[in-house]
Amino acid sequence: MLNNNKYSKQYYLPPERCMDWAEKDAVERAPVWCSVDLRDGNQSLIEPMSLETKVRFFKFLTELGFKEIEVGFPAASETEYNFLRKLIDDNLIPDDVTIQVLTQARENIIKKTFAAVRGAKNVIVHVYNSTSVAQREQVFGKDREEIKKIATDGAKLLKKLADEDGADYRFEYSPESFTGTEPEYALEVVNAVLDVWQPKADRKAIINLPATVENAMPHVYAQQVEYIAKHIKYREGVIISLHPHNDRGEGVAAAEFGLLAGADRIEGTLFGNGERTGNCDIVTLAGNMYSQGVDPKLDFSDMPRVVALYKEFTSMPVSPRQPYAGELVFAAFSGSHQDAIAKGMSYRKKHNLSMWNVPYIPIDPVDVGREYESDVIRINSQSGKGGVGYIMMSNYGIEMPAKMKEDMGYKTKAVSDRAHKELKPSEVYGVFIDNYINSRAYFDIPECHFRQVDGIDAAVTFLRQGRRDVVEANGNGRLDAVSNAIKFYLGIDYVLTGYEQHALTDGSTSKAISYVGVESGGRTFWGAGIDDDIIKSSYKALASAVNNLLAAR
């Protein structure tokens with residue numbers, strides 16, 4: 001990229017200010033959606049879909065809620081023609097679904113297209129010709145009037161053939177390369193086409209404004225669209241449609257801005273598949289609307305299935321960071337992010353909130369078929385106490401004290417770092433068990449017996465290096481008495497700094513879990529114990545904590 005001087009602006013602004021769209025802050029309703037996966041998307045694949053695959057894809061698109069589907073360019077190839085005829089002849093098109101077919105504004109192609117759609121109930125015949133300065137000068141060598149005549153001749157032929165067939169088809173026109181066309185000239189052409197069709201409110205025509213090549217920032221496209229929307233004839237009888245491409249990586253933004261500018265309809269594909277950098281990504285655009293409280297009228301509630309079938313049909317990948325759909329879009333590895341998410345989820349539950357507002361997660365993962373436990377908090381060497389604590393609480397009901405969470409976080413990060421991998425929840429749980437429950441390398445306490453005298457007397461049984469010893473000690477409580485026995489038996493000193501306990505699950509049969517921290521030499525060592533009896537769980541936790549102290553020495 002060494003010679004930027006060879007490039008200049010290839011777009012044209014309207015002859016008047018068109019910035020009303022900028023006063024709006026959100027798209028307030030879903031557009032009419034038209035999937036072009038089976039035409040635009042298919043023609044961009046290295047290996048185009050087979051007839052069988054296209055039929056399956058068509059059925060899937062109807063399941064998602066698409067009511068308009070561009071099924072192909074039937075005059076272009078035998079495969080395209082056969083697919084269209086199979087849909088019609090086998091009665092595979094639902095009554096509430098309209099198929100769309102594409103044709104250039106050329107007589108022989110238009111006639112082949114009409115032959116291909118005979119017998120279909122709901123059809124949009126989409127005719128186009130290029131109007132841009134570059135195409136006029138470099139490809140066709142024609143002036144404005146000649147290019148406009150191509151458009152109006154095509155429009156007249158559509159109307160004539162439909163009348164002859166007695167077909168109640170709808171018509172669509174696209175000034176291809178609209179974004180590289182002078183807006184006032186594009187308006188002149190589309191109005192000339194509309195003069196041929198004479199659309200009415202009860203039989204609308206579609207004027208599609210394609211960003212065939214995205215060559216400007218999205219706000220430029222919005223101004224171009226607004227100009228057409230303000231000055232187009234027969235406005236009550238026209239649906240303004242957009243077909244944004246993604247050459248600048250701004251296809252979704254261009255579509256959103258264009259909707260604010262007055263468009264009614266979007267043509268795009270699942271995950272933006274299309275030529276070059278692709279089309280407008282309908283999954284992302286619909287997800288954006290949903291996250292603002294707008295029903296997109298498309299069903300992406302089982303996003304993992306959408307991704308799996310899309311990959312099967314197209315052999316195209318879906319990025320793990322693809323908005324709303326990627327494997328990792330709800331995943332938080334960063335410790336600070338995990339801590340905020342965990343606290344946000346806890347706050348939401350505590351306050352019984354109905355509206356969604358959780359740090360770092362724009363929509364509820366459950367709404368697109370994902371799970372909190374396996375999708376939101378992901379543990380690796382970048383994770384922290386908040387994420388580890390959330391995994392342990394949400395998966396296993398273990399809610400550690402704050403300082404113990406920190407200790408557990410460091411231990412878990414160390415395991416992930418050594419293994420150079422993400423840890424599954426079961427592996428995180430394994431770190432907890434190994435370090436806090438099964439820490440018995442130096443001694444164990446299989447049983448204790450208590451009696452109340454002056455305080456509490458404890459008879460503590462120790463197992464150490466194959467020996468079994470019983471030590472008695474007194475304390476101001478059961479745990480204090482056991483602790484005094486440990487100190488005497490091992491000849492060590494420490495301070496009890498933390499003790500918490502809770503039931504692992506609801507109900508009378510739930511096991512208890514206890515957490516104990518002991519401090520020695522300025523460091524705190526933690527242990528945990530699980531048992532049906534809360535007293536047993538507490539002295540098991542103490543034994544683990546002291547074993548960890550001894551291990552550190």
Side-chain angles (χ1 to χ4, degrees), residues 21 24 26-41 58 60-72 93-102 120-128 168-175 178 190 193-194 197 199-211 221-222 224-226 228-229 232 234-245 251-270 272 274 279-290 292-300:
W21 62 271
K24 305 172 185 177
V27 176
E28 296 181 350
R29 66 179 183 276
V32 176
W33 299 104
C34 179
S35 162
V36 295
D37 290 90
L38 297 173
R39 198 277 304 170
D40 200 340
F58 176 83
F60 179 55
L61 290 169
T62 64
E63 290 175 22
L64 292 177
F66 286 97
K67 301 303 181 185
E68 296 183 3
I69 301 172
E70 189 169 84
V71 295
I93 306 168
D95 289 342
D96 63 345
V97 172
T98 299
I99 59 169
Q100 180 169 301
V101 289
L102 187 68
K121 181 178 179 181
N122 299 314
V123 179
I124 296 169
V125 182
H126 180 185
V127 64
Y128 74 94
D168 193 26
Y169 299 153
R170 294 166 60 197
F171 300 142
E172 176 176 350
Y173 172 70
S174 288
F178 166 73
V190 300
V193 167
L194 291 172
W197 290 341
K200 295 179 174 59
D202 60 348
R203 183 169 175 74
K204 295 185 178 184
I206 301 169
I207 293 298
N208 188 54
L209 305 175
Y221 188 47
Q224 295 167 333
V225 171
E226 184 176 308
I228 299 295
I232 198 169
Y234 313 97
R235 184 63 183 96
E236 294 301 314
V238 174
I239 294 171
I240 295 180
S241 175
L242 307 180
H243 187 118
H245 277 241
V252 168
E256 291 180 323
F257 285 13
L259 289 171
L260 294 179
D264 312 296
R265 182 177 184 265
I266 295 291
E267 295 186 350
T269 58
L270 300 181
N279 292 298
C280 173
D281 176 357
I282 287 179
V283 174
T284 298
L285 183 55
N288 288 353
M289 292 178 186
Y290 185 75
Q292 298 290 311
V294 176
D295 181 359
K297 307 297 184 182
L298 294 173
D299 183 6
F300 293 124

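Computed from heavy atoms alone, side chains included, the values below leave out hydrogens, waters and symmetry copies.
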Pairing residues for [X] by the salt bridge (Lys or Arg N to Asp or Glu O under 4.0 Å) criterion, not counting sequence neighbours:
X      : result
Lys297 : Asp295
Glu226 : Lys230
Arg265 : Glu68, Glu172, Glu267
Arg235 : Asp264

Considering non-hydrogen atoms only, spot the tightest contact between [X] and [Y] and give its length.
X      : Y      : answer
Ala205 : Leu194 : CB-CD2, 4.0 Å
Ala286 : Phe300 : CB-CE1, 3.8 Å
Val27  : Glu256 : CG2-O, 4.0 Å
Asp281 : Val283 : OD1-N, 3.0 Å
Asn208 : His126 : ND2-CE1, 4.1 Å
Ala222 : Trp21  : CB-CE2, 3.6 Å

Are [X] and [Y] close enough that some pair of their side-chain heavy atoms sits under 4.5 Å apart?
X      : Y      : result
Phe58  : Ile93  : yes
Val101 : Ile124 : no
Leu242 : Pro210 : no
Leu259 : Met289 : yes
Ile206 : Phe171 : no
Pro175 : Leu209 : yes

Tell me every residue that passes side chain to side chain contact (heavy atoms under 4.5 Å, CB included) with [X], counting only those two or more places apart in sequence or in another chain.
X      : answer
Glu63  : Phe60, Arg305
Asp168 : Arg203
Ala255 : Pro244, Ile266, Cys280, Leu285

task = To the nearest 0.5 Å, tell me how far Lys200 NZ sits from Tyr234 OH.
result = 8.5 Å

inquiry  = Distance check, rounded to the nearest 0.5 Å: Ile232 atom CD1 versus Ile240 atom CD1?
reply    = 5.0 Å

request  = Might you work through the side chain to side chain contact (heavy atoms under 4.5 Å, CB included) test for Phe257 and Val225, ending with a clear yes or no?
outcome  = CA-CA 9 Å; Phe257 285 13; Val225 171; over 6 Å; no

Under 3.5 Å donor-acceptor pairs involving side-chain atoms of residues 31-39, not counting sequence neighbours:
unit_1 : atom_1 : unit_2 : atom_2 : d
Trp33  : NE1    : Pro296 : O      : 2.7
Ser35  : OG     : Asp37  : N      : 3.3
Ser35  : OG     : Asp37  : OD1    : 2.6
Asp37  : OD1    : Leu270 : N      : 3.4
Asp37  : OD2    : Leu270 : N      : 3.0
Arg39  : NE     : Glu70  : OE1    : 2.6
Arg39  : NH1    : Gln43  : OE1    : 3.4
Arg39  : NH2    : Glu70  : OE1    : 3.1

task = Name the orientation class of the two ring planes belonging to Tyr173 and Trp197 (parallel below 30°, tilted from 30 to 60°, perpendicular beyond 60°).
result = perpendicular

Tell me every residue that passes side chain to side chain donor-acceptor pair (under 3.5 Å) with [X], counting only those two or more places apart in sequence or in another chain.
X      : value
Tyr169 : none
Lys67  : Asp96
Thr98  : none

request  = Run the numbers on Val97 and Ile69 for side chain to side chain contact (heavy atoms under 4.5 Å, CB included), then give the verdict.
outcome  = CA-CA 8 Å; Val97 172; Ile69 301 172; 4.2 Å; yes

query = Who passes ring-ring contact (aromatic ring centres under 6.0 Å, His included) against His243, sequence neighbours left out?
reply = His245

query = Are Lys204 and Val238 close enough, and set up right, to give a side chain to side chain contact (heavy atoms under 4.5 Å, CB included), and what steps lead you there?
reply = CA-CA 5 Å; Lys204 295 185 178 184; Val238 174; over 6 Å; no

